[in-house]
Structure formats: C-alpha cells, structure tokens
Amino acid sequence: MERKILFIDLSRTRIDEVEVDDYLHTRFLGGKGFCTYFIYKYAQPCADPYGPRNVAVIAAGALAGYAPASGKTCFGAVSPLTGLIHDSYAGEVLGPKLRMAGYDAIVITGKSEEPVYIYVTEEGTEILSADDIWGHSTSKATKVLKERHGKKSSVAVVGPAAENKVRYASVIVDYHRAAGRGGIGAIWASKGLKAVVVKAAKPLPEPALGRKAWREVATKLYKKFQALGSSFSRYGTNNGLVTADKLGMAPHYNFKYPHLGDVGELKGENVVKLAKGPHEVEDQSVFGYMCPIKCSKVVKDEGIKSEYEHLGMLGAADGIYKLMDVLKAIKIVNDLGLDSISSGNVIGWTAESEEKGLLNGVMKWGDGEKQRKLLEEIAYRKGIGAVLAEGVKRASEILGFGKEWAVHVKGLEAPAWDPRGLLGFGLSYATADVGASHLRGWPRPHRPPTDSALKALDSLLYDRDKTSVADHMGTCVFLAYDFPDWSELLKVVYGLDYDTEELRKLSQRTESLARLWALKVGYTSDDDTVPPRWMEPVPKGPNAGLKAFISWEDLEVSKREYYKRRGWSPREGVPLPSTLKSLDLHFAVEDAELLLRKLEPEYY
Ligand code: SF4
C-alpha cells in the first residue's frame, strides 16, 4: 500500500509529497511513531519553540479508518511548556479523512508572515489566507470553515489563547475534541497557522489481504468490543470524580485532598440528565469513527461535551462543585482554545496562593465567576493572566512563591488523578516522556502505595507499551484492545507480521527517542520526579498517611530499575547504543554516545 506524507514549509509556501519509505512504515507505523520520528529528525533542540525551527506534525494512526474507534489523531510538536517532544490526541474523524485524502501525516515547518490555514482534499493541498478568522473563537472559526468547505469537512483550529502564545493552548477538532495538552495550539499560531481543514470521502486504499478479509476482522472486533461494553457507555467519563474520590485519587483543592467523600453536583448522573440523546446530536462525528461505545455526552443548550478531566480540573481542583459553573468553564476553555487540565491546575494553584495570603482578590476556592474572568485574562494575557499563561512552573518562578504547591512534572501541569491512591502511578508520572500525563501507563491491579513502586513496575511497563501502541495505531484507549487485536489488523491491512514483542518495540523505540531528546535539551535524572505535594501524607480518607512513594529513596531505586529495564544507563537513563541498535535506531547512536560521554562516561 502506498503511503504518503505532506511536507509543508510555511516560510516558503511550499508543499511537497513524500512517499513513506519501508523503514518509516515498518519501524514507526503511524500516529505517535510518525510524530516522534519527524520531530526528532527535523526540530532543533534548545531552539525557541515558537521559532520557525519547531515542527508541528499531524499524524493519523496506522489503523485510522480500518479499525473500530480508530479516529484518534496525533498532534505533535516541541512543547512550549516543557521543551520536550509532545504528542497529544484528538478524534474523531480527522485522521481517517486524512487517509481518505491520501496522506498519513502532515509535517509543518517554518513560519508564515500572514495568518493562514491548510486545506487538504483528494485533489490537492492549498495554503489559504486566514485573515478573516484570525482572532475568532474556535467555535466561530470552525463554523466559518465548515460553511465554506462543507459540513462533512473535518476542521482543527486554534483560538485566541494560541494566538496570544499561552503555553498550554490547545487545538480543537470539530468543535468538541481537544488535542489539549502541551501547548501544541500555541505552536500552530506561532507559525501563523490558524487551522487545518480536511475534506475527503474517497475509499481508503485496498487492504493488503483484500476488503473481504479486512471487513471480517474489523467486524469481529467491533462486535467483541460492543459485547464487552465499557464502564464509559452510560456516563462517558463523567462519573470519574466519584470513582477518583472513592479511590483517593481526586484533585480536590489543588490536590490537597485526594478524598473528600463528597463531589457535590459533579456526578455522571447529573451530566447525563442534561445531555442530548445520541440522535439529537447534529454532528455524529463526535461519537467516534466506527466506535461501538459512543461514550460522548454533549450537553443541551451549552452545546459542549463534558468529560472527567473537566469536572476534576475545572471543578474539584479549583474547589468548584456546581455543575453549571463547570459547564460554563468548559465552554470558555474550548472557545478560547485553552487546555482544561492546565487551566484548572494553574487556577487551583492561584486559589491556594490566595488562601495562603500571597495573592489578593484574584481567585478564591469555589468562585466560578472569578474563575471565568481569570480564564479570559489568561487567554488574552491581561493582568496576572499574563503570568498564569506561562504555566504553573514558570508562574511560581516569576512570582517567587508556591513551588511547593505547583503540581507539575517537568513543567506539564498534573491532570485529575492523584498518584497517592495507586501503587506505581507516581513512577508513571515521574518517567512519562511528556511530563505529568495520566495516559502513559496505568499500573494494575489497583492497590494503594503501601509498598515499593518496584512491585508495580512490570505492570507499568506493560500498560505503557499498550497505550503507546494504541497511540501509534490511532485506536481509542477506552476500548479493550490488546496486542493480538492490533497484530490481526496489521496483518490484514498491511500484510505485516507483528507479534506482541514487535509491537512493544514500537513503544520502546519512540520512548528512547523522546528520552534522548529530553537529555539533549538539558533534563537529567533529577527531573524524573514527582511534585512535593504528592509526597505530603494524605490528610484523610482511605489512603490517609500515604504518599506517591513510600520514600524519596524508593523513587530513586524504582526509576533506576526502570532505566535498566528500558536498556538505558543506570544513573542518568541515557538509552545505550546497544539498545538503540536493537531497536533499529542507528541514526540516533551518535547522540547517545555524546550524551553518555557527558553524563555517564563509565557507560560510554
Ligand atoms: S469510546 Fe468515546 S472517546 Fe473513544 S472513540 Fe468512542 S466515542 Fe470516542
């Protein structure tokens, strides 16, 4: 099957099509693999993330359009928050449509002097003026572009927050889906890029083993996932705060309390009462591409989609428990193009700073009106909003207080899952390639952190690899995919024979490249840690007295074992040349040797 990448240089207004070669096809496959590879190869470490040398990538999953719930598309760039290679995901039909147009990914370099958007169809690609939509909210810009190019086009846009270089500005896809994390939206706007529109309906290329064989496998898996159902079918993710609170993992009051025993109005049953029925939703793409679960809950009147991370971070983390307050905040962050997790986290930090008497009149716990005002100020960088737009780590450095209650890892604000309720989850946060992400490995079974994190290491590695493979394939993590399912699909679609070991290598390959990048831009093993808040003993509830790790020493021992298991050097976690060779990453061996010579010469 022929696969192609679009290279777009916005400085020179140049568009090139390049065929995916065998190495890229078999070693990186798509989605996260393509994003990581292109950023590592073409971006410049330590350059200004907002400069023309940063690379923005949009990559459809390898199975986009061929597998149930395969619309998760990877949005990547060097993050303006962390300086790390960042990959964030949004559905639901953009990736499959990109494949229908004939492309697996778009790699965007350079910087346009004037606002532009990229329009991709089966007939070709154009760079068009975005003068008339620059400054528009994401919903207004999406409406204009859908009216111009047709309702069935898929539209990814950035909002005013990105245009004002808020370091956690998101990309919003088809009104409802956010590639929220890491500030990818701000990178788009720094390149003068307002939107990417894809319009295509051509059948996908013929699968290697033919359409009949492919349809049989895809239908079998669809039925299997449908029969298995999902805890998300009823409420979507909207009962997450109830669950997180029970487990002692909620982010109440800027993570001061992982358990309160009361989540106010922020329950799944309350969201569902306000949600439209599936047939009342005009744009069915919100329910995923070939998705048997259809978890989305779109709220009537507000026209917004509510999720747990909204309720956790724009609600509990800011001491807000009234549902209408959170729904209003969701509308604002979506329209302005702000990441809801980072926004809620930064505002929770602000409320705690005010509680401690370090700020005055900015934000009090539970004040929905102040929160909404602050979100606007952040997006337009007005008043203290200009400082908070820098993210919680930089805000605490600029203002000179609050490092102890700034809850982030490597500068990425923590999401709504406190690791003090799950053994090994602190290690997941400390070693995740992008910083504080809850989607880089979830250790199982569920047990409180009363023991060494080493006990959860096997499970963390397994789940990290599984999540990473889902991100390569573009399949939704809410479906019960396992390695044999992807193997079967890769066989019928591409004729590839990938067993579990080969699939797990995909994860190790991208992780090793991301690790090399992190070390090249100056991170060290000391940064593989958790924020002080998560090493404070839990004050009350089922996990009272527990911390993310039983001790700081356990964090050190566990992460060193993690490095060893990944084939990295034991002290600084530099991927060893032998590991890179075994992963077919020969082009990165020289980088590893330079890093070893500098950081851990005994392993050189
Ligand atoms: S389970 Fe939910 S998030 Fe996943 S593809 Fe289906 S609708 Fe989208």
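Just so you know, ligand 1 is whichever comes first in the structure, and atom 1 is the first atom listed for that ligand.
A salt bridge does not link Glu307 with Lys297: every distance from a Lys NZ or Arg NE/NH1/NH2 to an Asp or Glu carboxylate oxygen is 4.0 Å or more. Between Lys4 and Asp104 there is no salt bridge, since none of the side-chain N atoms of the basic residue sits less than 4.0 Å from a carboxylate O of the acidic one.
Metal site remark for atom 2 (Fe) of ligand 1: Cys291 contributes no N, O or S atom at a distance under 2.8 Å.
Here the shortest heavy-atom distance to atom 4 (Fe) of ligand 1, taken over Cys476, Cys295, Ser70, belongs to Cys476.
Judged purely by distance below 3.5 Å, without hydrogens or angles, the side chains of Asn238 and Ser306 pair a donor atom with an acceptor atom. Between the side chains of Thr475 and Trp486, at least one donor N or O sits under 3.5 Å from an acceptor N or O.
Heavy-atom contacts of Lys72 reach the following atoms of ligand 1: 3 (S), 8 (Fe) (cutoff under 4.0 Å). Per-residue contacts place Ala69 under 4.0 angstrom from the following atoms of ligand 1 (heavy atoms of the residue considered): 5 (S).
Partner Arg177 forms a side-chain hydrogen bond (donor to acceptor under 3.5 Å, both in side chains) with one of Ser154, Ser296, Ser170 and no other, that one being Ser296.
Residue-level proximity to ligand 1 for Arg177 is carried by the side chain, the only part with a heavy atom below 4.0 angstrom.
Regarding atom 8 (Fe) of ligand 1, its nearest protein heavy-atom neighbour is Glu92 OE2, 2.8 Å.
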